[in-house]
Amino acid sequence: VSALTKLGFKKADLTTIQNAVEDEYSKAIAELNVVYPQMTEEQEKQAAAQAEAKHRQLKRPQLLKLNPMHLPQLKRLLPMHKLT
């Protein structure tokens with residue numbers, strides 16, 4: 001601000017400049033919120049819950065689903081295990 005007064009700007013000029021900068025800043029923030037919307041707390045909680053559920057699902061051992069038609073072949077390949 002003092003640099004502007006050294007250049008000859010008066011208090012009224014400084015107020016006008018300050019108001020213009022604040023106005024443009026508020027417009028830029030509004031545009032940013034439209035382009036890059038912020039998550040609400042509820043959305044953050046929901047995203048965290050979904051991520052946790054997916055993590056639990058991936059941690060859980062997946063059971064192998066066997067086709068009953070392949071059991072005779074598997075019994076031959078794995079005679080030491082009981083496959084029924």
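Remember, it's a predicted structure, so these values are computed and weren't measured experimentally.
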*Would Glu52 and Arg56 count as a salt bridge (Lys or Arg N to Asp or Glu O under 4.0 Å) if you check the C-alpha gap in whole Å, the side-chain angles of each, and the deciding distance to 0.1 Å?*
CA-CA 6 Å; Glu52 178 63 28; Arg56 276 195 311 266; 3.7 Å; yes
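- Across all their heavy atoms, Met39 and Gln43 have their closest contact at CA-OE1, 3.3 Å.
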I'd like a table of donor-acceptor pairs (distance under 3.5 Å, sequence neighbours excluded) in which one partner is a side-chain atom from residues 12-21, with atom names and distances.
residue: Asp13; atom: OD2; partner: Lys10; partner atom: N; Å: 3.1
residue: Thr15; atom: OG1; partner: Lys11; partner atom: O; Å: 3.0
residue: Thr16; atom: OG1; partner: Ala12; partner atom: O; Å: 2.9
residue: Asn19; atom: ND2; partner: Thr15; partner atom: O; Å: 3.3

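- Salt-bridge formation is not detected for the pair Glu42/Lys45: no Lys NZ or Arg NE/NH1/NH2 atom is positioned less than 4.0 Å from an Asp or Glu carboxylate oxygen.
- To the nearest 0.5 Å, atom CD of residue Gln50 and atom NE2 of residue His55 are 15.5 Å apart.
- Using modelled atom types, no side-chain atom of Glu24 and backbone atom of Glu22 make a donor-acceptor pair closer than 3.5 Å.
- Within 6.0 Å of CD on Glu31 lie no more than 12 heavy atoms contributed by other residues, nucleotides or ligands.
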